[in-house]
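Here the structure is laid out as C-alpha cells; the discussion comes afterwards.
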Amino acid sequence: MLARERLREDGAAVAERLGQRGADPAQVRRWVELDEGWRRAVQQAEELKHRRNEASKQIGQAKARGEDAAAEIAAVGELKRGIEKLDDETATLHAEMLTIEQSLPNLAHDSVPVGADEAANREESRVGEPPRFDFQAQAHWDLGPALGILDFERGAKLAGARFTTYLGLGARLERALASWMLDLHTEEHGYLEVLPPLLVNEDSMFGSGQLPKFAQDAFRVEGHGHYLIPTSEVPLANLHRDEVIEEDRLPLRYTSWTPCFRAEAGSYGKDVRGLIRQHQFQKVELVQYAHPDHSYEALEEMRSHAERVLQLLELPYRVVCLSTGDMGFAAAKTYDLEVWLPGQDAYREISSVSNCEAFQARRANLKFRPADGGRPRFVHTLNGSGLAVGRTLIALLENYQQADGSVTVPEVLRPYLGGVDRIG
RNA sequence: GGAGAGGUGACCGAGUGGCCGAAGGUGCACGAUUGGAAAUCGUGUGUAGGGCUAAACACUCUACCGUGGGUUCGAAUCCCACCCUCUCCGCCA
C-alpha cells in the first residue's frame, strides 16, 4: 500500500504515475474525495464521543454520590444516536478507501523506464555467449522425455495440464540444483535458510500483496482458509509481520527452497509445452528486510547474488530493468534475469529481483526501531529468485546438450550428483 | 476430534462495571550520587488515527487489554461467536 500522506498531499502526481503502470488514475481522485468526507465525519464522531465520555463520567460521579441521574442518561441517548450515525458513515467511507488503497500498485522508482509493457523494458547487460551447435538444438520437452528424466504425459495423468513428473537423474538434478543454490546463498551471500509453511493464512497473502486483488492466481484449500504459497516470498516477507526489528539487525537476509503453486489463470495457450509454466514448480527465493536508506544498494546486491548462480553454471543471460507497465504489483523497481534457451532461440525469465520499498511493510506492519531511539519506521522489503529451479533445469538441458542427445553436467553441480558428469 | 486452563504494554504480572491506557516489578533512556563502576534514588518510557501546526511524539481528541459482534449512560472487566497457546486423552508421519 502507498502512504496515505502521499495520496493526500500529492494525489495528482500519484494518479499520473500510477497511470503509467496501467492503474486507473480516477481511483486516486476518488480516494482523495472519500478521504475528505471521511476525515470530516471522523472529526464529528470524535467530538460527540468526547461529549459522551464526559457525560458518562458525570453520571458515574452523580451515582456515586447517590443522586438520581435519569435526566443525564436520557440526554446521552441523543448523543448515542448521533455517534451511531456518524460511525456508520465513516465505516462506509473507510471501507471504500481501503478497497482502493489495497488495489493501487506501488509507485515506480525514478530510474524505471516508463512504458506500457515489456517492449519498454531496458536491457542492462548481457553476460556470456549463446552456445553455437553444429547440430539442430532440441527443446527440453524433447530432450527430457528422450533421456527418461521428464515425463509430461504421466504428470498430466496424475494431476492435469501444467504438471510434470521428474524421474531418476531428472529428479536428482532438480534436488542438486536447489541444494547447491541454498549452500551458495547461505555460505557465501549471508542468507539464513528457512523452511516455512507451504500453506499460509489470508493475512500473509495480504501482507505481501497477493490478496485481495490477485485471489484468482492462487490455490485456496477448500474449507480451511489456507492458500498454497505462490512463492516463498509470501512466508519470508511475512516472517516479521507485526514486529519491530532493532535497527542494528538490518539487513535481514532469508533464503528458502520451496514448491510454488500458481493457478495460472489467464495464461491459456501460453507456454503450454514443457516445464516453463507449471502449476507447481520449485524456487529458491531470496528476501531481505533493509533499512530504507540502503534498500537500493541491497537491490543491486541481491541481483548480483542471483546472477552469481547463472555465472557459476556458465549459462548465458541478460539483465533487464522492467518498465512501469511490466512490473509486478508490489515492486518499485524490478530486474529480470533472462537465461538463454537454445530450444526457443530466446532469452526467458529465470529470476525476478525487486525492491518493494515500504509497500509490503505497510501491509504487513514491518517496522524497525532506529538506533537513536526514535519511533519505529517501516522497513523496505526486497525479494528475488535465486533461482527458479525448474527453469534452471531447462536451461541446463538446452545449453549443455550434446549432438547425441546427452547432457553434460556443469562442474559445480557434480558433487551434488554423486560425481555424475553426464546425463544420457 | 474430546476434556480442561489461559491470552493484559518490550517482558513478567495485578486488575470482575466508572476514579484504568491500565497497579507493581523487570528492562530501557536520561539525571543525581561516585575517582570510575555496582548498588541506591529521581524522572521518563506503547501503537494507530483525527485536529491544530510551516513542520513536529509541543498541545488536544478518539480508538486500542487475542479477533469480531452485543449489553450498558459507561466494558480490560458482563454476554455471544471465532482464533491462537498450553496440558491430558484419542488419532497420526
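The figures that follow rest on heavy atoms only: side chains count, while hydrogens, waters and symmetry mates do not. All values reported here derive from a predicted model rather than from experimental measurement. First the proteins, then the strands, lettered A, B, ... as listed; each starts at 1.
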Testing the basics here: between A:Gln210 and A:Pro230, what is the closest heavy-atom pair and its distance to 0.1 Å? CG-CG, 4.0 Å

B:rG15 and B:rU71, which share atom name P, separated by this distance in whole Å: 29 Å

B:rC92 to B:rC83 separation - C1' atoms, rounded to the nearest Å: 24 Å

Closest non-hydrogen atom pair, A:Leu396 against A:Pro410: CD2-CG, 3.6 Å

Expressed as a whole number of Å, how far does the C1' atom of B:rU45 sit from that of B:rA10? 11 Å

Whole-angstrom distance between B:rG31 and B:rU85, as gauged at atom P: 44 Å

Should we say atom CD of A:Glu124 is surrounded by more than 12 heavy atoms from elsewhere, each under 6.0 Å from it? yes

Using the C1' atom in both, what is the distance from B:rA3 to B:rA75, to the nearest Å? 30 Å

Base contacts versus sugar-phosphate-only contacts with protein, heavy atoms under 4.0 Å: please encode nucleotides 45-62 of chain B as B, S and - from 5' to 3'. --SSBSS-----B---BB

Member of A:Val309, A:Leu313, A:Val284 meeting the side-chain contact (heavy atoms from CB on, under 4.5 Å) criterion with A:Leu177: A:Leu313

Please report the distance, rounded to the nearest Å, between NZ in A:Lys57 and C1' in B:rA75. 15 Å

Whole angstroms only, please: what is the CD1-P distance between A:Ile83 and B:rC73? 13 Å

Taking the P atom in each of B:rC80 and B:rA5, what is the distance between them to the nearest angstrom? 14 Å

Scan side-chain atoms only and decide if A:Arg253 and A:His185 contain a donor-acceptor pair under the 3.5 Å cut-off. no

Quickly work out the A:Asp242 CG to B:rC83 P distance and round it to whole Å. 19 Å

Which whole-number value in Å describes the distance from A:Ile59 CD1 to B:rA75 C1'? 15 Å

Rounded to whole Å, CG of A:Asn201 lies from P of B:rU67 at a distance of 16 Å

Let me know the distance between CD of A:Glu84 and P of B:rG69, rounded to the nearest Å. 13 Å

From A:Phe368, A:Phe378, A:Tyr254, residue fulfilling ring pair (Phe, Tyr, Trp, His ring centres under 6.0 Å) relative to A:His240: A:Tyr254

With respect to A:Lys333, which candidate in A:Ser295, A:Cys321, A:Ser354 satisfies the side-chain contact (heavy atoms from CB on, under 4.5 Å) definition? A:Cys321

For RNA chain B, which ranges pair as stems of 3 or more consecutive Watson-Crick or G-U pairs, with both donor-acceptor distances under 3.5 Å? B:1-7 with B:83-89, B:10-12 with B:24-26, B:27-32 with B:40-45, B:46-51 with B:59-64, B:66-70 with B:78-82

Taking for A:Ala55 and for A:Gly60 the nucleotide of RNA chain B with the nearest heavy atom, the one nearer the 5' end belongs to A:Gly60

Reckon A:Lys63 has a side-chain N or O less than 4.0 Å from the OP1 or OP2 of B:rG74? no

Using the P atoms only, state how far B:rU53 lies from B:rC64, rounded to an integer number of Å. 28 Å

What is the minimum heavy-atom distance between A:Trp31 and A:Glu101, and which atoms define it? NE1-OE2, 3.0 Å

Residue among A:Arg369, A:His291, A:Lys367 satisfying side-chain contact (heavy atoms from CB on, under 4.5 Å) with A:Arg377: A:His291

A:Leu2 CG to A:Phe359 CZ distance, which is reported to the nearest 0.5 Å: 6.0 Å

Expressed in whole Å, how much space separates the P atoms belonging to B:rG13 and B:rG7? 9 Å

